[in-house]
Chemist: 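What follows is a single structure, and I will ask about it in a moment.
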Amino acid sequence: DERLFIPKVYKELCTEKILVLEYLDGIKINKIEEWNKYVDKEKVLKNGISIILKQIFDAGFFHGDPHPGNIFILKDGRIALIDFGIVGKLDEEKKYYLINLITGILKGRTDKIIYTLKLMDSIDRNTNIDELREDIEDLVDVYKDVPLKNIKIGEVIENSFEVMRKNKIKIPISFTLMGKSLITLEGICYSILPEFKFTEAVAPIFIEFIEKKLKFHYYFKNFQNTIERFQYIIRELPENIEYFIDAIKTRSLKNDLENNVKIYELNLNIKKTGIKISLSFIISAVLISSVFLFISGFFVYGILGFVATFALLIFLFFLIMKD
């Protein structure tokens, strides 16, 4: 990113106690009057927000401690970051979960938040779901009718974490680091320009990453994983069925099976079950690919995929009912 400067590390000169970096001719971001003569305050703040969000939601690798001592402004207007001793990492799956949680809070969709937490395996077995639902509803009610410009990101994050702690929800470390980074960044922005609209500056960048990148990457990755699992299962299915039947024939169940069920019938039933399982995976693959096509703008192909999925589901239903 042309707006960002990260000094080079001279590894050959570093020791366990000394870190040697490229010389940085910059001014600490909290020394406003010194750098404001070179570059506009609002431009610096907007660039800083964009850079941090790009690290979080695009690269998935971000500076976990962006306090004023680690941020410098260069005379050409670039922002320089130092001290990457604390960094956060977000894979595509975590990004997707994070987006769902944030949009769930801002849109007041309690069920979406709880469902996402379940997918993340973050809800403790001792958590009272009804109490969790009430706490989340109280949280989203606070921000439901508040104009975007009046919402403070730091406050939303802190209140959300408090609800999670109260209900014994396991929060990924990367989420905590991200929250800390955004809270610190918001504080810096208000200290430099008290009238700055932090949330309004964040919103368009956030929406861009949601709509154009994250969902595309997540569904594409999910589609690839499903296809790979489907191929593996289909390839291994005949051998597994044969192994299972051989195991039954050679073990103590053999006598009971011969007395009650013919091996041929058992073999047939297992094959039928295998066909149904295979068909289920095909349906899943078609459905995911249809969603992928639809959100990528290929609406006609996406709709055709949904129709095919529905037809396959009916066929599978009749197969099950027939047995």
Side-chain angles (χ1 to χ4, degrees), residues 1 3-4 6 46-66 81 84 86-123 136 139-140 143 148 151 153-154 156-161 163-164 169-186 198-199 201-229 287-289 291-297:
D1 193 312
R3 302 165 297 175
L4 176 66
I6 297 174
K46 286 184 176 179
N47 283 345
I49 290 169
S50 177
I51 286 166
I52 294 295
L53 290 181
K54 189 174 180 181
Q55 288 178 32
I56 294 171
F57 294 110
D58 193 1
F61 183 75
F62 59 92
H63 197 300
D65 194 22
L81 295 176
F84 286 80
I86 301 174
V87 292
K89 295 180 182 180
L90 286 172
D91 57 26
E92 296 300 326
E93 190 173 44
K94 281 194 175 68
K95 290 180 194 176
Y96 179 75
Y97 292 147
L98 181 60
I99 291 297
N100 279 348
L101 292 173
I102 294 172
T103 54
I105 291 170
L106 296 179
K107 293 182 179 180
R109 296 181 58 187
T110 306
D111 288 336
K112 180 177 183 178
I113 297 169
I114 293 176
Y115 177 68
T116 302
L117 291 172
K118 287 180 178 178
L119 285 178
M120 292 169 58
D121 197 24
S122 292
I123 297 180
I136 293 175
L139 175 66
V140 299
Y143 304 105
L148 187 64
I151 294 177
I153 293 288
V156 175
I157 292 171
E158 286 177 349
N159 290 341
S160 300
F161 282 175
V163 169
M164 301 299 172
I169 302 299
K170 294 175 284 186
I171 306 172
I173 293 174
S174 53
F175 285 16
T176 307
L177 279 175
M178 183 219 65
K180 177 187 172 186
S181 294
L182 291 180
I183 290 170
T184 304
L185 189 63
E186 185 178 44
F198 185 81
T199 314
V202 168
I205 306 168
F206 180 71
I207 291 169
E208 179 187 350
F209 286 128
I210 296 175
E211 299 300 333
K212 292 185 180 179
K213 295 183 180 181
L214 296 189
K215 287 189 176 180
F216 176 86
H217 286 309
Y218 176 76
Y219 283 117
F220 182 69
K221 184 180 178 182
N222 219 4
F223 172 70
Q224 284 182 314
N225 290 340
T226 301
I227 292 298
E228 286 172 3
R229 287 198 299 268
L287 178 60
I288 292 171
S289 60
V291 172
F292 168 70
L293 289 168
F294 194 84
I295 64 174
S296 300

Chemist: Not counting sequence neighbours, which residues clear side-chain contact (heavy atoms from CB on, under 4.5 Å) with Arg3? List them please.
Modeler: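 Expected list: Asp1, Asn47, Ser50, Ile51.
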Chemist: Which residues pass the side-chain hydrogen bond (donor to acceptor under 3.5 Å, both in side chains) test with Asn159, sequence neighbours left out?
Modeler: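 Asn159 satisfies side-chain hydrogen bond (donor to acceptor under 3.5 Å, both in side chains) with Tyr143 once adjacent residues are dropped.
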Chemist: Does the Thr116 side chain pair with the main chain of Asn100, one donor and one acceptor, at a distance under 3.5 Å?
Modeler: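 No.
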Chemist: So which heavy atom on Lys118 is nearest to which on Ile123, and how close?
Modeler: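 It is CG-CD1, 3.6 Å.
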Chemist: Mind checking salt bridge (charged side-chain N to carboxylate O under 4.0 Å, His left out) for Asp111 and listing every partner two or more places apart, or none if nothing turns up?
Modeler: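 Asp111 satisfies salt bridge (charged side-chain N to carboxylate O under 4.0 Å, His left out) with Arg133 once adjacent residues are dropped.
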Chemist: Taking all heavy atoms of Ser160 and all of Ile105, pick out the closest pair and write down the distance.
Modeler: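 Closest approach of Ser160 to Ile105: OG-CD1, 3.3 Å.
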Chemist: Set out, in order, the CA-CA distance, both residues' side-chain angles and the distance that settles side-chain contact (heavy atoms from CB on, under 4.5 Å) for Ile49 and Lys46, then state yes or no.
Modeler: CA-CA 5 Å; Ile49 290 169; Lys46 286 184 176 179; 5.6 Å; no
Chemist: Enter the distance from Phe62:CZ to Leu81:CG here, rounded to the nearest 0.5 Å.
Modeler: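 Separation between the atoms: 13.0 Å.
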Chemist: Mind checking the CG-NZ spacing from Leu117 to Lys170? Nearest 0.5 Å is all I need.
Modeler: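 These two atoms lie 11.0 Å from each other.
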Chemist: What are the two closest non-hydrogen atoms of Leu4 and Gln55, and how far apart are they?
Modeler: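 Here Leu4 and Gln55 meet closest at CD2-NE2, 4.5 Å.
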Chemist: I want to check something: taking the side chain as every heavy atom from C-beta on, are Phe57 and Ile205 in contact at a cut-off of under 4.5 Å?
Modeler: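 No - every pair of side-chain heavy atoms lies 4.5 Å or more apart.
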Chemist: Working note: Met120 + Leu101, criterion side-chain contact (heavy atoms from CB on, under 4.5 Å); need CA distance, chi angles, decisive distance, verdict.
Modeler: CA-CA 11 Å; Met120 292 169 58; Leu101 292 173; 4.0 Å; yes
Chemist: Residues two or more places apart in sequence or in another chain: which of them pass side-chain contact (heavy atoms from CB on, under 4.5 Å) with Val87?
Modeler: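 Scan of Val87 (side-chain contact (heavy atoms from CB on, under 4.5 Å), adjacent residues dropped) gives Phe61, Phe84.
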Chemist: Can you check side-chain contact (heavy atoms from CB on, under 4.5 Å) on Ile113 and Val140, steps first, answer last?
Modeler: CA-CA 10 Å; Ile113 297 169; Val140 299; 4.1 Å; yes
Chemist: Which atom pairs, one a donor and one an acceptor, fall under 3.5 Å between side chains of residues 171-183 and the rest of the protein, sequence neighbours left out?
Modeler:
residue: Thr176; atom: OG1; partner: Pro172; partner atom: O; Å: 3.4
residue: Ser181; atom: OG; partner: His63; partner atom: O; Å: 3.0
residue: Ser181; atom: OG; partner: Leu177; partner atom: O; Å: 3.0

Chemist: What distance do Tyr97 atom OH and Asp91 atom CG have between them, rounded to the nearest 0.5 Å?
Modeler: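 Result: 9.0 Å between the selected atoms.
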Chemist: For residues Pro66 and Thr184, report the shortest heavy-atom separation together with the two atoms involved.
Modeler: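 Here Pro66 and Thr184 meet closest at O-CG2, 3.4 Å.
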